[in-house]
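Step one of this worksheet: look at the structure below.
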Amino acid sequence: QSHPDEYWWDACAGAGGKSLLLKEENSDIKLFATDIRDNILKIYYDRMKKTGYKVPQIEVADLSLPDYILPGKQFDGIVVDVPCSGSGTWARSPEWLQKNIKSRLIEHFIPLQRSIVSTVLPSLKVDFPLIYITCSVFKEENEENIRYFLDHLPLRLEKTAYLEGYGSDSDTLFIARLTKLF
């Protein structure tokens, strides 16, 4: 639940679905959106414009780089839908089941996810939420990452949930709401 005039960062914005949901919940919130893919941010821009919402500040950003800093920006909330294995999409794209994803998970995705969360956290105000999302069913990307964040970052876990979409040809998502402690 957001409040008027809050400033939220959609850190891995993609095509803007999460931002649109935030605006639907509270049209008065201010948004900042980043993604590593310029082409997907163009789609984000077009979607926001089509809906009639004010287009937020948009920036191409590689959040895996620990030196990415937003001087002077502090957010009331950050949504981080991190790049992941995509195992939660297998109900609608079973061809991915043939790939050997476990080695890529350990070598690429988990370090990337941890790096992104560590990079964005300094820009979050104390006592405000970080929403961590994957479209994965693997505990390594979900529960084990949350345990890592709690052990290594100033975060408190509020709740986690799986949104199971496999019964309706939708994606399964993992969502965790954490709060910054200091």
What are the two closest non-hydrogen atoms of [X] and [Y], and how far apart are they?
X      : Y      : result
Cys84  : Glu141 : CB-OE2, 3.0 Å
Ser64  : Leu112 : CB-CD1, 3.4 Å
Arg47  : Gly17  : NH1-N, 3.6 Å
Ile78  : Leu124 : CD1-CB, 3.7 Å
Thr160 : Leu157 : CG2-CD1, 3.7 Å
Pro83  : Ile116 : CD-CD1, 3.6 Å

Side chains of [X] and [Y]: donor-acceptor distance under 3.5 Å anywhere?
X      : Y      : result
Tyr44  : Asp35  : no
Tyr53  : Glu24  : no
Ser123 : Trp9   : no
Tyr162 : Thr172 : no

Within the structure provided, determine whether [X] and [Y] are in side-chain contact (heavy-atom separation under 4.5 Å).
X      : Y      : answer
Leu63  : Ile36  : no
Leu41  : Ile43  : no
Leu130 : Leu155 : yes
Trp8   : Val79  : yes
Leu178 : Leu150 : yes
Pro56  : Phe32  : no
Tyr148 : Glu144 : no
Ser118 : Pro66  : no

> Given the rule in the ring-ring contact (aromatic ring centres under 6.0 Å, His included) test, do Tyr132 and Phe149 qualify, once you have shown the distances and angles that lead to the verdict?
Replying inline: CA-CA 11 Å; Tyr132 176 84; Phe149 300 147; 5.3 Å; yes
> For Asp67, which residues count as a salt bridge (charged side-chain N to carboxylate O under 4.0 Å, His left out) partner, sequence neighbours excluded?
Replying inline: none
> Under the salt bridge (charged side-chain N to carboxylate O under 4.0 Å, His left out) test, which residues partner Lys42, sequence neighbours left out?
Replying inline: Asp38
Please answer whether the main-chain N or O of [Y] pairs with a side-chain N or O of [X] as donor and acceptor at a distance below 3.5 Å.
X      : Y      : value
Thr119 : Ser115 : yes
Asp81  : Ala13  : no
Lys139 : Glu143 : no
Thr51  : Met48  : yes
Gln74  : Pro122 : yes
Thr34  : Ala11  : yes

Supply the atom-to-atom distance [X] [atom1] to [Y] [atom2], rounded to the nearest 0.5 angstrom.
X      : Y      : atom1 : atom2 : result
Thr179 : Glu158 : OG1   : CD    : 3.0 Å
Cys135 : Asp171 : SG    : CG    : 6.0 Å
Arg147 : Glu140 : CZ    : CD    : 15.5 Å
Lys18  : Lys23  : NZ    : NZ    : 15.5 Å
Ile40  : Cys12  : CD1   : SG    : 12.0 Å

> Step by step, would you call Tyr68 with Glu59 a side-chain hydrogen bond (donor to acceptor under 3.5 Å, both in side chains)?
Replying inline: CA-CA 12 Å; Tyr68 181 82; Glu59 185 176 304; 2.5 Å; yes
Is [Y] reachable from [X] through a run of I, L, V, M, F, W or Y residues, each pair having side-chain heavy atoms under 4.5 Å apart?
X      : Y      : result
Leu21  : Phe128 : no
Ile110 : Val117 : no
Leu121 : Ile146 : yes
Phe109 : Phe138 : yes
Ile133 : Leu153 : no

>> Assess the residue pair Tyr45 and Ile58 against the criterion (side-chain contact (heavy atoms from CB on, under 4.5 Å)); give the C-alpha distance rounded to whole Å, side-chain angles, the decisive distance to 0.1 Å, and a yes or no.
In response: CA-CA 8 Å; Tyr45 176 88; Ile58 298 171; 4.0 Å; yes
>> Walk me through whether Ile29 and Leu22 qualify under side-chain contact (heavy atoms from CB on, under 4.5 Å).
In response: CA-CA 8 Å; Ile29 66 167; Leu22 284 168; 3.5 Å; yes
> Under the side chain to side chain contact (heavy atoms under 4.5 Å, CB included) test, which residues partner Asn39, sequence neighbours left out?
Replying inline: Arg37
> In terms of side-chain geometry, is the basic nitrogen of Asp127 or Lys180 positioned less than 4.0 Å from the acidic oxygen of its partner?
Replying inline: no
>> Check whether Tyr7 forms a cation-pi arrangement with Lys73 (NZ or CZ under 6.0 Å from the six-membered ring centre, at most 45° off the ring normal).
In response: no
>> Using the rule salt bridge (charged side-chain N to carboxylate O under 4.0 Å, His left out), only one of Asp76, Asp5, Asp10 pairs with Lys30; which is it?
In response: Asp5
